[in-house]
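Okay, so here's the structure we're looking at.
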Amino acid sequence: MAHFVSHLEGAIDGTALPFGTLANTHAGRPIRVRYHLDRVRAAVTPADLAARPPTLWRYRELLPLPADADPVTLGEGMTPLLPCPRLGRELGLTNLFVKDESQLPTGSFKSRGMTAAVSMAKWLGVKRVALPTAGNAGGAAAAYAARAGIECYVFMPADTPAVNQFEAVLYGAKAFRVNGLITDCGKIVRDGAGRMGWFDLSTLKEPYRLEGKKTMGLELAEQMGWELPDVILYPTGGGTGLIGMWKAFAELAELGWLSAANRDRQGAGVGEGHPLPDGRGSPRMPRLVSCQAEGCAPIVTAFEKGERFAEPFPNARTVASGLRVPAAVGDFMMLDAIRESGGTAAAGSEARIGEWMRRASSAEGVAVCPETAVCFDVLERLVKAGGVKPDERVVVFNTGAAPKYLEALPAELPALDKDAVDWDRVAAG
Ligand SMILES: Cc1ncc(COP(=O)(O)O)c(C=O)c1O
């Protein structure tokens, strides 16, 4: 069994747990994977990676699936890191990039987590999985489960975007609309585990979606020549992406793969726990900006109050459906990561989601989802307030494809009569 995992670990108290058997949570909180990074360092170099196929499985030594097991994959390729000069100028930034995750299978970054989690579930002998979803995770889980030949049950709020409902059914999942929020759907998955015999694939309630999402950070580092950006804006719901990226950066720091520039630039250090192997001190890390929507911002509230755990957000409501997570089991991991990075958490205006979707998409040709639209609203405010400097290198994650959200931005096209074209109307655009 060739892999580099040393053990699993309860995130709340560091308890070491065995690897190689099915695991959900420890003390009701997430479990994370720990690696023998010294062995990884001896086995592979960044130059080796560069010669591998451009998929997230190029980071195989930093993923838990043993080398002799085939991943369940849909060919999830590296996503482009797109310079956005026009949008940058509008915002007052000279170095704005969008990492476009919408180009992944099933149109969102959820495929990163699911290729890892479903691969591990299959390797561990799981025949049936279930999960609650805000939308995109359900579609991705259904697709990867179909690919693996595993049965999949999906529970989603009744008003989840229609495309997410459609894709879960399309990929053959048994999908249900629930008259509640994702937390109510999560309870159904929990309550049904004994009776239905399914494995709970909820975000951060199994250890491996986090490892898949971690590859966003690995990939970003590789694409930037192992020199991390100054600021990352990330739309935060359950938080797997934010926590995963921070884990990736810490592992890279410990591997000694981050470039010297990361040690010289201003910004927060990754903390005393991650000295470079040659003793040159801690590398500088990006400031993480956790972006939520006004209508559901539990992490922002906890951050502002200086708390480590978030209270459930009352009456959660936002058109950015992926951010409608009123209570997250990994709240403390998000808040720790944001604070360690010297970053912040901020809520974007609900009323401006449609405007930012249109503005960002039309400025650069990237189909920006409502969740990422929230990031642009936050970014505009941060730049105006001096929290982000004009020449800093800023990366915004576009986590999903805008066409999956027809409800968020209804496009009413003007009608034309084929026999009497109204050219004034055409000229007006
Ligand atoms: C498009 C999109 N962006 C962001 C999120 C939030 O992701 P995370 O759980 O990593 O915080 C989701 C979750 O459903 C999503 O679908």
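In listed order, ligands and their atoms are each counted from 1.
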Arg29 atom CZ: more than 12 heavy-atom contacts under 6.0 Å: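 Counting neighbours around CZ of Arg29, more than 12 heavy atoms of other residues, nucleotides or ligands fall under 6.0 Å, so yes.
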Exam field: side chain Asp48 to backbone Thr45, donor-acceptor pair closer than 3.5 Å: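 Judged by distance alone, yes, a pair lies under 3.5 Å.
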All pairs passing side-chain hydrogen bond (donor to acceptor under 3.5 Å, both in side chains) where residues 181-190 contributes a residue, at least two apart: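 Non-adjacent pairs meeting side-chain hydrogen bond (donor to acceptor under 3.5 Å, both in side chains): Lys187-Asp191.
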Ligand 1: which protein N/O atoms lie under 3.5 Å from its N/O atoms?
{"residue": "ligand 1", "atom": "3 (N)", "partner": "Thr399", "partner atom": "OG1", "Å": "2.7"}
{"residue": "ligand 1", "atom": "9 (O)", "partner": "Gly238", "partner atom": "N", "Å": "3.2"}
{"residue": "ligand 1", "atom": "9 (O)", "partner": "Gly239", "partner atom": "N", "Å": "3.2"}
{"residue": "ligand 1", "atom": "10 (O)", "partner": "Lys213", "partner atom": "NZ", "Å": "3.1"}
{"residue": "ligand 1", "atom": "10 (O)", "partner": "Tyr234", "partner atom": "OH", "Å": "2.7"}
{"residue": "ligand 1", "atom": "10 (O)", "partner": "Thr240", "partner atom": "N", "Å": "3.4"}
{"residue": "ligand 1", "atom": "10 (O)", "partner": "Gly241", "partner atom": "N", "Å": "3.0"}
{"residue": "ligand 1", "atom": "11 (O)", "partner": "Gly237", "partner atom": "N", "Å": "2.7"}
{"residue": "ligand 1", "atom": "11 (O)", "partner": "Gly238", "partner atom": "N", "Å": "3.3"}
{"residue": "ligand 1", "atom": "11 (O)", "partner": "Gly239", "partner atom": "N", "Å": "2.7"}
{"residue": "ligand 1", "atom": "14 (O)", "partner": "Lys110", "partner atom": "NZ", "Å": "3.2"}
{"residue": "ligand 1", "atom": "16 (O)", "partner": "Asn136", "partner atom": "ND2", "Å": "2.8"}

Side-chain ion pair, Glu61 and Arg39, N-O less than 4.0 Å: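 Answer for the salt bridge query: no.
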Donor + acceptor pair across side chains of Trp356, Ser349 (<3.5 Å):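 On atom types as modelled, these side chains do not qualify, holding no pair under 3.5 Å.
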Test salt bridge (charged side-chain N to carboxylate O under 4.0 Å, His left out) applied to Glu151 and Lys122, Lys127, Lys174, the passing residue: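 Exactly one option meets the salt bridge (charged side-chain N to carboxylate O under 4.0 Å, His left out) with Glu151, and it is Lys174.
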